[in-house]
Amino acid sequence: LVLLKTTGEYQRIYEKHLGVLEPKAPAWRSAMLYGLLVAAPLLLALLAILFWNRTLQREVRKKTQSLRLEVEERRRMEAELRERDAQFRQLTGSIREVFWLGALDWSEVYFVSHTYEVLWGAPRSLLYSDPLAWLEGVHPEDKPELLTLMRKSRQAHDAPMVTALFRIVRPDESIRW
């Protein structure tokens with residue numbers, strides 16, 4: 001037995017016939033290799049995720065800053081618009097003439113001052129639904145000249161303002177200028 005052990009024959013016979021029955025303890029080297037094979041891709045995936053996360057955080061910060069500036073600009077513009085609207089309404093509310101804004105082709109009315117109701121004797125809402133309803137109140141003698149003026153303003157698309165003086169026949173048959 002000693003002779004077999006010293007020559008290494010005993011170990012060979014043991015592994016051949018009895019070693020199959022005993023579980024082999026994993027070698028540290030192969031365990032480290034398997035661990036490295038599993039850990040390396042996981043570590044690379046973790047690094048890739050961290051890099052992607054940082055990139056996304058930077059993009060989110062940039063977009064957030066951009067949106068913050070856009071919101072501030074929009075708020076400033078809305079405040080300025082409210083202020084100008086108040087000034088416009090104050091101006092149109094203080095003049096005695098009828099003042100309205102509309103499309104150049106007379107297809108739509110954007111704004112009509114309250115004096116329309118006073119002078120025409122008709123509600124302003126009528127003009128919003130029928131932009132040419134005001135023509136019904138124009139004196140028959142003034143209507144041809146006014147229609148000519150309207151036709152010219154339609155053709156001159158760059159005409160910013162049309163001013164006309166004409167008589168109005170109110171529903172009670174009274175005439176106003």
Side-chain angles (χ1 to χ4, degrees), residues 38-177:
V38 170
L42 290 176
L43 184 62
L44 286 174
L46 180 64
L47 289 174
I49 289 171
L50 288 174
F51 176 75
W52 183 250
N53 188 18
R54 297 269 176 159
T55 303
L56 288 177
Q57 284 177 347
R58 269 188 246 121
E59 290 297 318
V60 166
R61 264 189 251 117
K62 285 180 187 175
K63 188 64 175 177
T64 302
Q65 181 63 22
S66 170
L67 289 173
R68 189 175 291 130
L69 292 174
E70 187 177 321
V71 166
E72 288 174 9
E73 177 67 16
R74 182 169 288 176
R75 284 183 181 154
R76 186 190 62 75
M77 290 174 69
E78 285 174 355
E80 186 177 321
L81 183 61
R82 278 191 299 275
E83 182 181 333
R84 288 180 186 229
D85 185 54
Q87 290 171 348
F88 176 75
R89 293 203 182 274
Q90 183 179 9
L91 172 71
T92 59
S94 63
I95 58 176
R96 292 179 46 214
E97 289 81 15
V98 175
F99 180 82
W100 73 70
L101 296 173
L104 287 174
D105 63 358
W106 302 90
S107 64
E108 188 175 3
V109 172
Y110 306 130
F111 174 81
V112 181
S113 64
H114 72 285
T115 52
Y116 175 82
E117 293 178 351
V118 174
L119 292 176
W120 255 265
R124 292 184 289 172
S125 59
L126 183 62
L127 285 182
Y128 290 113
S129 60
D130 182 10
L132 295 176
W134 62 276
L135 284 172
E136 294 173 16
V138 175
H139 193 278
E141 293 175 8
D142 296 337
K143 203 176 266 189
E145 183 181 333
L146 191 57
L147 290 172
T148 302
L149 180 66
M150 288 172 63
R151 210 174 0 267
K152 286 180 182 177
S153 73
R154 253 189 222 147
Q155 293 167 352
H157 293 288
D158 59 346
M161 184 172 71
V162 174
T163 304
L165 183 63
F166 52 89
R167 291 171 285 181
I168 300 165
V169 179
R170 294 172 41 94
D172 63 1
E173 301 295 323
S174 62
I175 296 177
R176 299 267 178 107
W177 280 91

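Just so it is clear, the model here is predicted, and its values are computed rather than measured. Numbering of residues begins at 1 and proceeds along the displayed sequence.
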Enumerate donor-acceptor pairs with a distance under 3.5 Å from any side-chain N or O in residues 130-139 to protein atoms, sequence neighbours excluded.
unit_1: Trp134; atom_1: NE1; unit_2: Pro131; atom_2: O; d: 3.1
unit_1: His139; atom_1: ND1; unit_2: Glu141; atom_2: N; d: 3.2

Euclidean distance, [Y] [atom2] relative to [X] [atom1], rounded to 0.5 Å:
{"X": "Ile168", "Y": "Ile175", "atom1": "CD1", "atom2": "CD1", "value": "10.5 Å"}
{"X": "Leu56", "Y": "Lys63", "atom1": "CG", "atom2": "NZ", "value": "14.5 Å"}
{"X": "Thr64", "Y": "Gln57", "atom1": "OG1", "atom2": "CD", "value": "11.0 Å"}
{"X": "Met77", "Y": "Glu72", "atom1": "CE", "atom2": "CD", "value": "14.0 Å"}
{"X": "Lys143", "Y": "Met150", "atom1": "NZ", "atom2": "CE", "value": "10.5 Å"}

Could you list the residues that satisfy side-chain hydrogen bond (donor to acceptor under 3.5 Å, both in side chains) with [X], not counting sequence neighbours?
{"X": "Arg68", "result": "Gln65"}
{"X": "Trp100", "result": "none"}
{"X": "Thr92", "result": "none"}

Between Glu78 and Arg74, does at least one N-O distance fall below 4.0 Å, as a salt bridge requires?
-> no
Where Trp120 and Pro171 come nearest, the two heavy atoms and their spacing = O-CD, 3.1 Å
Might you point out which heavy atoms bring Leu91 and Ser94 nearest each other, and give the distance in Å?
-> O-OG, 2.9 Å
Sequence neighbours excluded - salt bridge (charged side-chain N to carboxylate O under 4.0 Å, His left out) pairs with any residue from [range]:
{"range": "residues 90-106", "value": "none"}
{"range": "residues 108-123", "value": "Glu117-Arg124"}
{"range": "residues 168-177", "value": "Arg170-Asp172"}

Test side-chain contact (heavy atoms from CB on, under 4.5 Å) applied to Glu83 - qualifying residues, sequence neighbours left out |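 Applying side-chain contact (heavy atoms from CB on, under 4.5 Å) to Glu83 gives Gln87.
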Salt bridge (charged side-chain N to carboxylate O under 4.0 Å, His left out) partners of Glu73, counting only residues at least two apart |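 Arg76.
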Show me, pair by pair, the donor-acceptor contacts under 3.5 angstrom made by side chains of residues 44-54, not counting sequence neighbours?
none

Measure from the side-chain N and O atoms of Asp142 to the backbone N and O of Phe166, and report whether any donor-acceptor pair falls under 3.5 Å.
-> no
Contacts of type ring pair (Phe, Tyr, Trp, His ring centres under 6.0 Å), residue Phe111, not counting sequence neighbours | Phe88
